[in-house]
Asks: 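The structure under discussion is supplied below as C-alpha cells; questions concerning it will follow.
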Amino acid sequence: MPNTGDMPVPESPAKTRLTFSEVQVGAGIPRAGKAAGNPYLPEIATIVEIIQETPNIKSFRVRFDDDLLQAAFAFKPGQVGQLGVLGMGEATFAINSSPSERSYVQFSVMQAGEVTIGLHCLNEGDKVGVRAPMGRGFPVEEWKGRNLVYIMGGIGAAALRATILYTLEHREDYGSITILYGARTPVDLTYQYDIAEWESRRDIDAVITVDAPFPGWEGRVGMVPMVLEELAPKPENTIAVCCGPPIMIKFTLQALQRLEFPNEQVYTTLEKRMKCGIGICGRCNVGSKYVCVDGPVFSLAELKELPDEL
Amino acid sequence: MSSTQDAIREAAKNALASGRVDYFIGWTQGHTPSEAIPAFIRRPEEVDRLIWSPLCHHNLVTFLKRKMPDPPESRIGVCVKGCDSRTLVALLQEGLVDRERLYVVGIPCAGVIDKRLVDALFTDEVTEIDFEGDLVTARTRMGESKEFALADVLLDQCGGCYSPNPRYADELVGDTLPESQGKPQFPGLEEFEALDSAAKDALLAEAFSTCIRCFACINVCPVCYCWDQCVNRSRRPALVGQKVDTKENTLFQMVHMFHVAGRCPSCGACDRACPVQIPLYLLHRKMNKELYEMLGFMAGMDVDEKPVFQTFRIDDVLGE
Amino acid sequence: MRFLPEGELAGLLAALSQEAEVWAPARRPNGVVEFQKWEPGTAVELAVLLARQAPKEMVFPQTETYLGYRYLMACPAVRPETPEEAKLELEGEGGEVVAVSPSVSHQLLVVEDVGGSSPTRADVAGVELPGTGARVIFGLRPCDARGFAQMDNVFGGYGGFYFDPYYNARREVTTLVAVACANPRSTCFCRAVGGSPSGTEAVDLLLTEVDGGFGAEAVSERGQRILDYAGFREARAEEEQAVAAAHARAEEAVEAPFELEGVRENLRANFEDARWHDLALRCISCGTCTYVCPSCYCFNINDEMVEGRGERFRCWDNCFNPGYTLETSGHNPRDAKAARFRNRFSHKFWYYPEKYDSLLCSGCGRCIMHCPTRIDIREVIRTMGAPAAELPARAEEE
C-alpha cells in the first residue's frame, strides 16, 4: 500500500490497542517503510544525484527502487525521514525536496557522526534505506492567507526548504513571503541554486547574510537575529518559522519576542537523538511529547507547555 | 562497633558543620533492617542516620568518580573500608579524583556480610538482620528466624583480607586491626583453575549467558572511571557487539576486566551489584592473582606507587 | 470455580506443552529464579514470589533482528560467490532477497527476516493457543501480567500510534496463567498503583494456591479453554472459601506507600526541584531497574556487520544510559545523572499516563529489590509526587 504521509495522530485516535487483524484490514495505521506494516524495515532506494552543498554538507537525491512507491510517495512539508546505510545505521533528516517533486526525494546531510560519515562515503548509484515520511510537518494549510517569514541559519535551511518550495509553488495562497538566510561564511550557504532564484523573484523578499566580512562577499553581513531585528517584520497576520543551530534559535526567538510576535505565530523544529522514529523506543521525548511523532515541528506556544529539557 | 558508628557520625558532623564538605557519604539502614545502603548527608543534624555494621558492604568510592558528584565540583566527605580505600588509592595514583576536594574517613573493617548467603538460607524474604558479638540473627517477613556465626556469612574475600585497615584516610576511626601477615589470598579460584581450557570456556559461557548488560557492574565499579563513555557501548568504534548473547557478553566482561586491571583490588562491588548473580569475582580475582604472581603487584596499596600498567622494568618477567 | 489438585500441576503443564511452549519460573544452577522453558521434570518455583526478571522477554526479547544484508566486495579471493550464488544461499537461510544492487562502490543484498527470529504476520495469522509459536507463561504474578497490559498500549498502536509487528506477533499467541500472590514482599506496592495481589488485568487464567492445590478462575476465553484439562475438577465450598481468604490476606499484606492522586500534577510542578538531585545521588545510573521491570520497554536500534554480513537489530536500552539521548552535535539534554533519574519516574507516572491514560508501573518492586543501591521508587514518588509546599526544606534553601 503506498504511503500517504498521514499524520500519526488522527482527530479521534482509537483509545485501545489494536490486533493484527485490525492492522491487516488497514485501520488507518500510519506506517513508514514496508507495505507489510512493518515500520522498522527501510525501503531500499538508489542515490540518483549527490550535490556538494558546502564543504561538509551533501544533498542526496534518492529514488525508491520500487517505482510504484516512488510514484505514490507523498509527504507534508516539514516531515522527516530516516535515511540510513545498511551496516552503519540510520539517522533522521528533514525531507527537503518539494512535495510536488515526483522523481526523487532529497535529504541534506552534514558530516558529523557515525551514520553521516557513512552517508558521505556513498556514490551515485549506491543503495540507501529510507523510512519516510515521519512526524508532523508545518501546518501550511492553516497558514493560508498569512504572511510568512522564514528565518534560517546554516544547515537549518534543510528543515525549511520543502516548506519554502511548497509555499512558493502555492504563492497565491499566502501573503508576503520573506526568506532570511544566514551562514557563518558564504561557503556555508546551502542551496545556492535556490538562493539565486529566490533573489531574482520579485514576489518574495530574500535576504542572505553571513556572520562576518568575507573576501569576495558583497552581500549583507550580520548575524541572523540582528538582521531580523533590522528587517523588523510586523507580527500582524504573520507566521515566523525559524530553524538553525541552537544558539541562533535562542537569539532569534528573543528577537521575535521583542518584535512582539505571539508564541502561537512562531514555529521551529526540534532535533533529538532518534532511533525508531515511530514514538516507541523512548529517547526523543520532551515530557510526554515524542519529537519523532509529535514533532519535529512545534509552535513556540506548544514548546512553552513542555518541561524544560531540550 | 557502636563506638565506630559514633565516631563516623562525629566526623561527619564536624566536616559538615565546619563547611569542609558539601555532603558526606556513609551508610544508613535500607528500607528494612536487613540491609545497609549508601547515605548522602547534607546537614549536621542528619548525621544520626549514619550507621556502621557488617552490612555496610557498598564501596562508596564509586560516588567520587567522574560524572557522579552532583554538583560536579562538590567537596565530599566519604567513608572507606580497607578494600574501598585501595580503590580510592588507585584513583589517586592516576589523578582521577581531586584529593583536595575529599575528606576521607577510614574505617578498619573485620569483614562484611554476603547478604546472598543469608538470603539463600530462607525461602521467604529476609527483612531483619541483627548482630550480637559474633552471632548473627536473621528474621524473615513471616517471622522465621535463624542464628549463625558471623564468620559463616562473610564475603569469601573477607576471610583472608590482606588490607583490613584503610591504606589512605584523612581521619581514621575505630580500632586498627592486625595487618595481615604473609601472602594475599585469592579464594574461590581453585575449582576454576583446575579445569582444562575447554571446561573454563564452558563455565564462563554458562555464567555470561544470563548477563543482561545492565551495566551495574561497570557503573558500580569505583575504578571504572570512564563509565559514562564506555567502550562497551561505543558505536564509533564499534568494538563490542550490542547483541545480548553469550559471545558478546563474554567480550563485554573481558573488556571490563582488562580495563580495570591494575586498579582493581577485588573489592567485589561488581559481583554484589549483579542482578543476575554472575560470579564476576572469578575474572577480576583471577586477573589480580596473575598480576601478583607475575609482577608482585597489588592494586591501590600506596598513593605514591605507579600503577602497574604505567611502569615497565627491564627485569619484569611475564610468566614462566 | 475450578480446582487443580496439587498432584495435577505437572500434568497440566505437560498438557499445555503439547500445544504451546510453556515458560515457568524455575531455579538456575546458581539459585536464581528465572522464567525458563518448561520441560517434563522442570521444578516450577512458586515459593519465591517474583522471578528475578519480569517475563517481558518472552514477548519483547532483549535482542531482535529486523533484517539482514550482505555486501559483496569486488574481490574474488575474499568473496568468491557471484551475486546470484549469494542470493540463492541467502534465500536458503529463509530470507527474501529484496534488492540486489551492483553499483559503483558496493554490491548490496538485502535480506529480510534473517534467522527466523523476527515473526511476520503470516506466522501469526489465525493462530490461536494450539499452533505455531503459541506460548503459555505460567506462574507469573498479577503485577507481571499488568506489565504486559501497559506495554500492549505502547506497541499496539493505542491512541493512533504505530503498531509493532514483532511485539504483537508474540503477544497475540501468548497466554498468561498467573498465580495470585500468597506472600507479598516488603517491596510490593501493587495496591498503590491500582493493582492487587490477585488482580486479573491481562491475565487469562488466575490460579490461587491453597491447601491441596490451586483454585482456578478463567478470565478470558483462552483461560477457559485451559480449564478443559481433565485434571481440573469443580472446587468444593471450603476450597472456594480458602481462595477468597488467601486473596484477602494477601491484599492486606501489601502496603500502599503513597497516594496516586495528584502525583502526575505534582511531578510536573516539581520538575525543576532540586530534590531530584538529592534523590539521584545514590543512583549509579545503570539500567538494572529498567531491565528487571515488567513494563520498561525502551530500546535501541543498531547495525552490526562482520565481513560483509550485517544485521539491523534492536536491543533493550534504558534512560539511565548516558548515551541514550546524546545527540550528534555533542549536546545531551539529559547529561546529568539527576536528569536521567527524573526521566524514569516521570515517564512512569506522568509522561506515559498523559499519552496512554494509565500508569507504567504495576508495583512489583523489582526495581527496589535489585537496584545495587536500593533506590526506592516509593520514596521517589512520595517525595517528588507530593505538593512542593509539603516537602521538607532542602539544606541550601534554608
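The shown structure was predicted, so the numbers you read here are calculated from the model rather than taken from an experiment. All chains are named by letter (A, B, ...) in the order of the sequence lines, taking the proteins before the strands, and each is independently numbered beginning at 1.
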Asks: Between C:F313 and C:F299, is a ring pair (Phe, Tyr, Trp, His ring centres under 6.0 Å) present by the stated rule, with each step listed?
Replies: CA-CA 10 Å; C:F313 60 92; C:F299 59 85; over 10 Å; no

Asks: Between the side chain of B:S209 and the main-chain N/O of B:T246, is any donor-acceptor distance below 3.5 Å?
Replies: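 No; zero donor-acceptor contacts below 3.5 Å.
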
Asks: Can you tell which part of B:A238 gets under 4.5 Å to a heavy atom of chain C, answering side chain, backbone, both or neither?
Replies: neither

Asks: Does B:K247 come within less than 4.0 Å of B:D245, counting only side-chain N to carboxylate O?
Replies: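 Here B:K247 does not pair with B:D245 in a salt bridge, since their nearest N and O are not under 4.0 Å apart.
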
Asks: Can we say B:R139 and B:D130 salt-bridge, meaning some charged N sits less than 4.0 Å from an Asp/Glu carboxylate O?
Replies: yes

Asks: Taking the side chain as every heavy atom from C-beta outward, state whether B:C211 and B:R213 have any atom pair closer than 4.5 Å.
Replies: yes

Asks: Tell me if the aromatic rings of C:Y167 and C:Y297 count as close, with their centers under 6.0 Å from one another.
Replies: no

Asks: Report yes or no: is the cationic atom of C:R170 (NZ for Lys, CZ for Arg) under 6.0 Å from the centre of the six-membered ring of C:F60, at an angle within 45° of the ring normal?
Replies: no

Asks: Between the side chains of B:N59 and B:T87, does any donor sit under 3.5 Å from an acceptor?
Replies: yes

Asks: Has C:E272 got more than 12 heavy atoms of other residues, nucleotides or ligands less than 6.0 Å from its CD?
Replies: yes

Asks: For chain C, which candidate among B:P38, B:A269, B:S234, B:C217 shows the most heavy-atom pairs at distances under 4.5 Å?
Replies: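 Option with the top pair count is B:P38.
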
Asks: With side chain to side chain contact (heavy atoms under 4.5 Å, CB included) as the test, would you mind laying out the steps for B:C56 and B:I51 before giving the verdict?
Replies: CA-CA 8 Å; B:C56 300; B:I51 63 165; 4.2 Å; yes

Asks: Please look at B:T140 and chain C and tell me whether the side chain, the backbone, both or neither of the residue comes under 4.5 angstrom of a heavy atom of that chain.
Replies: neither

Asks: Please indicate whether B:K115 has more than 12 foreign heavy atoms, meaning atoms of other residues, nucleotides or ligands, lying under 6.0 Å from its NZ.
Replies: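 More than 12 heavy atoms, drawn from other residues, nucleotides or ligands, come within 6.0 Å of this atom.
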
Asks: Contact part of C:P61 toward chain B, heavy-atom cut-off under 4.5 Å: side chain, backbone, both or neither?
Replies: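 No part of it gets close to chain B.
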
Asks: Identify which part of C:A280 has an atom lying under 4.5 Å from any heavy atom of chain B, answering side chain, backbone, both or neither.
Replies: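 For C:A280, neither part sits under 4.5 Å from chain B.
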
Asks: For this output row, return yes or no: ring centroids of C:Y166 and C:Y66 closer than 6.0 angstrom.
Replies: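 When the ring centroids of C:Y166 and C:Y66 are compared, they turn out to be within the sub-6.0 Å range.
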
Asks: For C:R282 and C:T373, indicate whether the former's side chain and the latter's backbone hold a donor-acceptor pair under 3.5 Å.
Replies: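 Side chain of C:R282 to backbone of C:T373, a donor-acceptor pair under 3.5 Å: yes, one is there.
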
Asks: Looking only at atom types and distance, does a side-chain atom of B:K65 sit under 3.5 Å from a main-chain N or O of B:N219, one as donor and one as acceptor?
Replies: yes

Asks: Is any side-chain heavy atom of B:E128 less than 4.5 Å from a side-chain heavy atom of B:P33?
Replies: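 Yes, close enough: below the 4.5 Å cut-off.
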
Asks: Looking at B:E46, B:H58, B:K67, B:R235, which makes the most heavy-atom pairs under 4.5 Å with chain C?
Replies: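 Greatest number of close heavy-atom pairs with chain C: B:R235.
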
Asks: Can you check whether anything in residues 21-28 of chain B gets within less than 4.5 Å of chain C, heavy-atom wise, and list it by number?
Replies: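 From residues 21-28 of chain B, the residues near chain C are B:Y23.
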
Asks: Check C:K337 with B:D70, please: is the shortest side-chain N to carboxylate O separation under 4.0 Å?
Replies: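 Result for this pair is no, no salt bridge flagged.
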
Asks: Determine which residues belonging to residues 320-328 of chain C lie within contact range of chain B, meaning some heavy atom pair is under 4.5 Å apart, and list them by number or answer 'none'.
Replies: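 Listed by number: C:N321, C:P322.
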
Asks: What part of B:E206 is in contact with chain C, defined as an atom under 4.5 angstrom from a non-hydrogen atom: side chain, backbone, both or neither?
Replies: side chain

Asks: Considering residues, nucleotides and ligands other than C:E252, do more than 12 of their heavy atoms fall under 6.0 Å from its CD?
Replies: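 Incorrect, the count does not exceed 12.
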
Asks: Which bit of C:N30 is near chain B, if near means a heavy-atom gap under 4.5 Å: side chain, backbone, both or neither?
Replies: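 For C:N30, heavy atoms of backbone and side chain both lie under 4.5 Å from chain B.
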
Asks: Measure the shortest side-chain to side-chain distance between C:P372 and C:I284 over non-hydrogen atoms and say whether it is less than 4.5 angstrom.
Replies: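 C:P372 reaches C:I284 side chain to side chain.
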
Asks: Between C:S285 and C:R340, does a side-chain hydrogen bond (donor to acceptor under 3.5 Å, both in side chains) hold up when you go through it step by step?
Replies: CA-CA 8 Å; C:S285 209; C:R340 298 194 289 274; 3.1 Å; yes

Asks: Could you list which of residues 44-58 of chain C have a heavy atom closer than 4.5 Å to any heavy atom of chain B, in residue-number order?
Replies: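 Answer by number: C:A47, C:V48, C:R52, C:Q53.
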
Asks: Can you tell which part of C:R28 gets under 4.5 Å to a heavy atom of chain B, answering side chain, backbone, both or neither?
Replies: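 Only the side chain of C:R28 comes within 4.5 Å of chain B.
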
Asks: Between B:H31 and C:S186, is any side-chain donor less than 3.5 angstrom from a side-chain acceptor?
Replies: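 Yes, C:S186 and B:H31 have a side-chain donor paired with an acceptor closer than 3.5 Å.
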
Asks: Side chain of C:R374, backbone of B:G30: donor and acceptor closer than 3.5 Å?
Replies: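 No; judged by distance alone, with no hydrogens or angles, the pair does not exist.
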
Asks: Using non-hydrogen atoms and a 4.5 Å limit, figure out which bit of C:R366 sits close to chain B: side chain, backbone, both or neither.
Replies: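 Contact with chain B: none, neither part.
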
Asks: Taking the cut-offs as 6.0 angstrom to the six-membered ring centre and 45 degrees off its axis, would you call B:R285 and B:F192 a cation-pi pair?
Replies: no

Asks: Where on C:C283 is there a heavy atom nearer than 4.5 Å to chain B: the side chain, the backbone, both, or neither?
Replies: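 Backbone of C:C283 only, per the 4.5 Å heavy-atom cut-off to chain B.
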
Asks: Looking only at heavy atoms, which of residues 273-283 of chain B get nearer than 4.5 Å to chain C?
Replies: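 Against chain C, the residues of residues 273-283 of chain B that fall inside the cut-off (heavy atoms, under 4.5 Å) are B:A273, B:P275, B:V276, B:Q277.
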
